[in-house]
Amino acid sequence: MKYINQLRMEFMSIPDNVGLARLTVAAFASQLDYTVSEIDDIKGAISEAVSNAIIHGYEGRPENTVRIVASLTTRGLEVIVEDTGKGIENVKEAMLSGYSSVPERLGLGFSFMQSFMDEVAVLSEPMKGTRVIMFKQLGRRGDYASEN
Amino acid sequence: MKYINQLRMEFMSIPDNVGLARLTVAAFASQLDYTVSEIDDIKGAISEAVSNAIIHGYEGRPENTVRIVASLTTRGLEVIVEDTGKGIENVKEAMLSGYSSVPERLGLGFSFMQSFMDEVAVLSEPMKGTRVIMFKQLGRRGDYASEN
Amino acid sequence: MDSEVEVRSNALVVRLAGEIDIKVADALRAELETSLDRSRARHLVLNLDRVSFIDSSGLGVILGRYKRVSVQGGKLAFVGLRPAVQRVLELSGVLRISEVFPSEDEALSRLQ
Amino acid sequence: MDSEVEVRSNALVVRLAGEIDIKVADALRAELETSLDRSRARHLVLNLDRVSFIDSSGLGVILGRYKRVSVQGGKLAFVGLRPAVQRVLELSGVLRISEVFPSEDEALSRLQ
Ligand SMILES: Nc1ncnc2c1ncn2[C@@H]1O[C@H](COP(=O)(O)OP(=O)(O)O)[C@@H](O)[C@H]1O
Ligand SMILES: Nc1ncnc2c1ncn2[C@@H]1O[C@H](COP(=O)(O)OP(=O)(O)O)[C@@H](O)[C@H]1O
């Protein structure tokens with residue numbers, strides 16, 4: 001697999017940077033020939049993964065670092081969102097739709113990532129951190145309408 | 001000086017990433033209370049520094065890495081653009097308005113950076129690379145009109 | 001995110017603009033709670049026609065308010081969903097417990 | 001970057017849109033050269049009203065074409081400069097060797 005382009009970014013774990021990450025990865029992915037709705041999907045997935053790193057991984061502490069590695073290949077966008085925060089004890093349970101360890105949250109983050117992207121893998125170790133690896137295939141989906 | 005926010009990014013030395021860097025640093029800087037024309041200045045300065053890293057530092061070879069470190073403080077944006085490319089023999093000469101080592105270029109990159117930003121420092125070592133450190137003070141300038 | 005609140009007949013109409021994510025979630029929650037307290041409106045109508053993005057953190061705020069409204073027998077309605085927002089609402093199942101109308105007026109006349 | 005070229009009386013009118021930087025510099029240079037070759041126009045009128053950004057790489061392309069046009073006794077004129085673009089043109093001194101007009105028609109009538 002040949003890399004067409006590669007971007008790494010690291011930023012402080014504060015809510016302002018969720019929008020920054022979304023915008024940057026979307027602009028990066030736009031170098032490939034994605035549709036508008038595919039770019040919206042990518043924004044959604046990044047938003048969920050980065051929010052999780054900030055809220056859950058670092059439990060809202062701002063002085064930590066969230067890291068994103070995004071790569072473009074002829075097949076599509078691969079993007080890794082990672083934190084060195086508290087990690088997840090049971091990844092399978094965490095990924096269940098509706099499961100959240102925080103009462104007022106919906107527990108839909110991981111299922112949104114799975115709906116928006118073609119592949120989602122989560123590697124996590126308690127006290128070490130979490131890495132979410134996502135892939136969005138190029139030329140796979142049509143717009144919203146044709147999916148329904 | 002307290003950092004309000006910090007962003008690091010690294011990307012391949014290809015022309016597509018000049019616009020990406022501009023957009024990302026501008027979005028990042030917009031977290032402070034800059035005017036629209038100040039954000040335009042920041043875009044201009046990033047564009048010149050990143051283009052220089054790609055064209056001059058790496059002489060157009062795409063497999064190299066350009067690195068940006070951007071920091072927000074209560075005083076303003078500090079941004080560092082760096083490459084590990086061929087470096088500059090004589091920084092003073094290189095920064096002269098109109099000086100270019102490439103015939104078809106204007107030699108205005110550094111003087112634009114100096115016009116757009118409040119401070120510009122260039123550290124470079126032949127065969128090692130170049131680091132451009134820029135600072136844009138907050139609440140200093142009005143819009144274009146009031147500068148004239 | 002910008003917001004504008006208006007009480008029209010028995011509904012609280014809230015017009016939002018921008019991106020609704022974790023950055024604005026707390027402020028939005030507080031604003032909706034205050035407005036619901038003050039207005040004593042029965043229904044909640046959200047006009048999202050200038051909302052370009054929403055994620056699960058933003059949706060959580062809306063669903064929290066839905067719970068409050070539905071306890072008092074009120075309904076949740078949406079107006080002006082852009083494709084990206086519509087998709088998130090669909091995926092979450094929110095559209096099964098709410099209604100979507102083409103305009104605020106239509107929403108208000110149907111929610112009596 | 002998008003572009004549109006039209007020959008009007010003795011001028012080549014080029015309407016550009018988007019951001020003019022190193023990414024598009026080579027393509028723009030080639031397009032302007034080809035258009036100047038074909039049209040044999042005397043003056044060059046650049047309508048930049050949909051150009052949101054230009055840097056020194058983009059400016060280099062314009063100045064290179066200015067040289068060619070001025071050798072044949074032609075002039076360079078700009079129409080529709082946004083603040084960010086105007087500022088870059090001013091800083092570079094390009095505005096001292098060119099003229100700015102409020103519309104294409106005005107530019108064409110003055111460049112006879
Ligand atoms: N980066 C992370 N670090 C630690 N825990 C996480 C992380 N991401 C997700 N989790 C755990 O997985 C659960 C489910 O995540 P998600 O599906 O995004 O829903 P929500 O964010 O609404 O809780 C979270 O409640 C949290 O316990
Ligand atoms: N990152 C860099 N690496 C190596 N040389 C550089 C770098 N940036 C600038 N230079 C040198 O400084 C000169 C002047 O740069 P600049 O003012 O931006 O004008 P231009 O890019 O038009 O040549 C360049 O021609 C080049 O020789």
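Here the structure is a predicted model, which means the values were calculated and not measured. By convention in this document, chain letters (A, B, ...) are assigned in the order of the sequence lines, proteins followed by strands, and residues within each chain are numbered from 1. Values below: all heavy atoms of this structure, side chains included; hydrogens, waters and symmetry mates excluded.
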Tell me yes or no: between the side chains of C/Arg87 and A/Ser115, is some donor less than 3.5 Å from an acceptor? no

Looking at C/Arg38, I want to see if its CZ is surrounded by more than 12 non-hydrogen atoms of other residues, nucleotides or ligands under 6.0 Å. no

Take atom NZ of A/Lys86 as the centre, draw a 6.0 Å sphere, and report whether it contains more than 12 heavy atoms from other residues, nucleotides or ligands. yes

Using 0.5 Å steps for rounding, measure from the CD atom of A/Glu48 to the CG atom of C/Asp21. 9.5 Å

Proximity breakdown for C/Val24 and chain A, heavy-atom pairs closer than 4.5 Å: neither

Measure distances from C/Leu59 to the heavy atoms of chain A and classify the residue's part below 4.5 Å as side chain, backbone, both or neither. both

Starting at NZ of C/Lys23, measure out to CG of A/Leu20 and round the result to the nearest 0.5 Å. 10.5 Å

Intermediate values then yes/no, side-chain contact (heavy atoms from CB on, under 4.5 Å), A/Asp40 and C/Phe53: CA-CA 8 Å; A/Asp40 283 340; C/Phe53 179 85; over 6 Å; no

Side-chain donor or acceptor of C/Glu19 paired with backbone N/O of A/Gly19 under 3.5 Å: no

Do you know which two heavy atoms are closest between C/Ser56 and A/Leu106, and how far apart they sit? O-CD1, 3.7 Å

Between CD1 of C/Ile54 and OG of A/Ser47, what distance do you get to the nearest 0.5 Å? 10.0 Å

Which bit of A/Ile14 is near chain C, if near means a heavy-atom gap under 4.5 Å: side chain, backbone, both or neither? neither

In this structure, are over 12 heavy atoms from other groups packed under 6.0 Å from A/Glu89 atom CD? no

Tell me whether A/Asp33 at atom CG has more than 12 heavy atoms from other residues, nucleotides or ligands lying less than 6.0 Å away. no

Picking from C/Ser92, C/Ser52, C/Gly64, which has the most non-hydrogen pairs under 4.5 angstrom with chain A? C/Ser92

Less than 4.0 angstrom from a charged side-chain N to a carboxylate O is my criterion; do C/Arg29 and A/Glu104 meet it? no

To the nearest 0.5 Å, atom CD1 of C/Ile22 lies from atom CD1 of A/Ile55 at 3.5 Å

Please indicate whether A/Arg61 has more than 12 foreign heavy atoms, meaning atoms of other residues, nucleotides or ligands, lying under 6.0 Å from its CZ. yes

Of the listed residues (A/Leu108, A/Val18, A/Asp16), which shares the most heavy-atom pairs with chain C below a 4.5 Å separation? A/Asp16

For C/Leu63, is it the side chain, the backbone, both or neither that has a heavy atom under 4.5 Å from a heavy atom of chain A? side chain

Evaluate the criterion salt bridge (Lys or Arg N to Asp or Glu O under 4.0 Å) for residue pair A/Lys43 and C/Asp55; output intermediate values, then yes/no. CA-CA 9 Å; A/Lys43 282 188 189 167; C/Asp55 64 11; over 6 Å; no

